[in-house]
Amino acid sequence: MLNTDYTQRVVLDTLALPWQASPSPQVWRRQLERDGGECARATSIVRYDPGARFPEHGHELGEEIIVLDGVFSDQHGDYGPGTYIKNPPGWQHAPFSAHGCTLFAKLRHLDPADRGRVVTNFRRDKWYAGMVAGLTVLPLSEFATQHTAMVRWAPETYFNPHRHYGGEEIFVVEGTFADEFGEYPAGTWLRSPHLSLHQPFSREGCLIFVKTGHLPVAGVSAAL
């Protein structure tokens, strides 16, 4: 069990965490949250050494992946830097990397009824204007209460105070994200609980992965 109290705010510098072995001898993990054994609800930074591969396997409650560098592959295709992949519950694949790659990966967080697969690349796709000047957004996936997007902040962009029903999770891909509680450089992972409140901004600009509405809410059954 690691960071499984979803009522608590968590902030981690993923670059400072040790690499830990996985079931594959050439795949390594920096674990951010984990609830279970090898079949777990988990969030991790994953590194594939050149030539690393996993045998074919399924994901009962799906997975989400961002390719941070290198090329990630499976029998369905090759996915370069900036690729977002949502493999729905029940999806089967045999992942590998010919030359190595680094991923941000979330396992077993999806709604069992969410059957849509998504593959897109935020380095190439069209972005949309956000709710304030300086903010651009690329929606990645939406289902029920869950919303996933990439958000780009121009320097000196400031957002309004707001709360998140079902919590909020952020991974800082580039630059420095901030709010009234601190500053979070590239590689930072933040998770804020249901109805948490903050006022985010970025002085230097940043690129972040954002997921909301997926954390447990007291009194409401969750698809965990």
Side-chain angles (χ1 to χ4, degrees), residues 3-14 32-33 35 41-43 45 62 64-66 68 82 84 86 104-106 108-111 113-114 116 118 120 122 125-224:
N3 293 324
T4 56
D5 184 349
Y6 299 107
T7 68
Q8 299 298 310
R9 185 171 185 264
V10 182
V11 179
L12 295 176
D13 175 5
T14 68
L32 311 182
E33 66 168 328
D35 188 359
R41 176 185 173 106
T43 302
I45 305 297
E64 292 175 285
I65 293 170
I66 294 176
L68 301 175
Y84 166 80
K86 184 182 80 173
F104 173 80
K106 296 184 64 61
R108 297 176 63 87
H109 288 75
L110 300 179
D111 188 299
D114 184 358
V118 177
T120 189
F122 59 80
D125 288 345
K126 179 182 178 180
W127 291 63
Y128 300 90
M131 295 178 65
V132 299
L135 206 68
T136 51
V137 179
L138 176 62
L140 299 173
S141 176
E142 293 188 8
F143 188 87
T145 64
Q146 296 194 25
H147 301 270
T148 307
M150 299 299 299
V151 182
R152 182 176 286 127
W153 299 64
E156 298 298 333
T157 297
Y158 297 81
F159 202 70
N160 306 312
H162 60 281
R163 295 184 186 274
H164 291 284
Y165 185 93
E168 178 189 54
E169 180 177 346
I170 290 171
F171 179 70
V172 184
V173 178
E174 297 173 357
T176 300
F177 177 72
D179 61 16
E180 64 269 41
F181 304 113
E183 295 190 345
Y184 317 104
T188 304
W189 179 72
L190 306 90
R191 194 187 68 204
S192 300
H194 172 56
L195 294 184
S196 53
L197 172 69
H198 74 155
Q199 184 171 10
F201 60 92
S202 182
R203 293 191 177 95
E204 71 172 66
C206 63
L207 174 65
I208 61 175
F209 166 91
V210 182
K211 188 173 179 68
T212 61
H214 63 301
L215 300 182
V217 176
V220 178
S221 62
L224 300 182

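No hydrogens, no waters, no symmetry mates; every other heavy atom, side chains included, goes into these values. In this chain, residues are counted from 1 in sequence order.
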Quick one: CD1 on Ile208 to CZ on Phe171, what's the gap to the nearest 0.5 Å? 11.5 Å
Mind checking side-chain contact (heavy atoms from CB on, under 4.5 Å) for Thr157 and listing every partner two or more places apart, or none if nothing turns up? Val132, Leu135, Trp153, Ala154
If we only count heavy atoms from C-beta on, is the Lys211 to His147 side-chain gap below 4.5 Å? no
Taking the side chain as every heavy atom from C-beta outward, state whether Val217 and Tyr165 have any atom pair closer than 4.5 Å. yes
Provide the closest heavy-atom pair for Leu215 versus Pro193 in the form atom of the first, atom of the second, distance. CD1-CA, 4.4 Å
Those residues at least two apart in sequence (or on a different chain) that pass side-chain contact (heavy atoms from CB on, under 4.5 Å) with Gln199 are Pro161, Glu180
Heavy-atom side-chain proximity of Pro185 to Phe177 below 4.5 angstrom: no
Rounded to the nearest 0.5 Å, what separates atom OG1 in Thr145 from atom NE2 in His214? 9.5 Å
Salt bridge (charged side-chain N to carboxylate O under 4.0 Å, His left out) partners of Arg9, counting only residues at least two apart: Asp179
Where at least one partner belongs to residues 129-144, residue pairs that pass side-chain hydrogen bond (donor to acceptor under 3.5 Å, both in side chains), sequence neighbours excluded: Lys86-Ser141
Taking ring-ring contact (aromatic ring centres under 6.0 Å, His included) as the test, write out the residues that go with Phe143, two or more places apart. none
Test of understanding: with salt bridge (charged side-chain N to carboxylate O under 4.0 Å, His left out), list the residues that count as partners of Lys106, not counting sequence neighbours. Glu33, Glu169
Please find the pair of heavy atoms, one from Ala149 and one from Pro139, that lie closest to each other, and give the distance. CB-CA, 4.0 Å
Holding to salt bridge (charged side-chain N to carboxylate O under 4.0 Å, His left out), I want the full list of residues that pass it with Glu174, two or more places apart in sequence or in another chain. Arg123
Thr4 and Arg41: CA distance, side-chain angles, deciding distance, side chain to side chain contact (heavy atoms under 4.5 Å, CB included) verdict: CA-CA 9 Å; Thr4 56; Arg41 176 185 173 106; over 6 Å; no
Can you sort out the partners of Tyr158 under side-chain contact (heavy atoms from CB on, under 4.5 Å), two or more places apart, ordered by chain and number? Glu156, Phe201, Arg203
Residues that Arg152 engages under side-chain hydrogen bond (donor to acceptor under 3.5 Å, both in side chains), provided they are two or more places apart: none
What pair of heavy atoms forms the shortest contact from Ala105 to Ile65, and how long is it? CB-CG1, 4.3 Å
How would you list, by chain and number, every residue that makes a ring-ring contact (aromatic ring centres under 6.0 Å, His included) with Tyr184, sequence neighbours excluded? none
Set of side-chain contact (heavy atoms from CB on, under 4.5 Å) partners for Val10, sequence neighbours left out: Asn3, Leu12, Trp189, Arg191
Can you name the residues that form a ring-ring contact (aromatic ring centres under 6.0 Å, His included) with Phe209, not counting sequence neighbours? Phe104
Between the CG atom in Leu140 and the CZ atom in Phe122, the distance rounded to the nearest 0.5 Å is 8.5 Å
Is there a side-chain contact between Tyr84 and Glu64 in this structure, where contact means two heavy atoms from C-beta onward sitting under 4.5 Å apart? yes
Between Met150 and Ile66, the two heavy atoms sitting closest are SD-CD1, 4.1 Å
Pairwise side-chain contact, His194 with Tyr6, heavy-atom cut-off 4.5 Å (strictly under): no
Any side-chain heavy atom of His162 sitting closer than 4.5 Å to one from Leu197? no
Validation row: Leu190, Val172 side chains within 4.5 angstrom (heavy atoms): yes
At their closest point, which heavy atom of Gly130 faces which heavy atom of Val137, and how far apart are they? CA-CG2, 4.0 Å
Less than 4.5 Å apart, side chain to side chain, heavy atoms only: is that true for His198 and His164? yes
To the nearest 0.5 angstrom, please state how far the CD1 atom of Ile45 sits from the OG1 atom of Thr14. 4.5 Å
Show your reasoning for whether side-chain hydrogen bond (donor to acceptor under 3.5 Å, both in side chains) applies to Thr176 and Glu204. CA-CA 6 Å; Thr176 300; Glu204 71 172 66; 3.2 Å; yes
So, taking the atom named CD in Glu183 and the one named SG in Cys206, what distance separates them when rounded to the nearest 0.5 Å? 10.5 Å
Pairwise distance CZ(Arg163) to OG(Ser196) - rounded to 0.5 angstrom: 8.0 Å
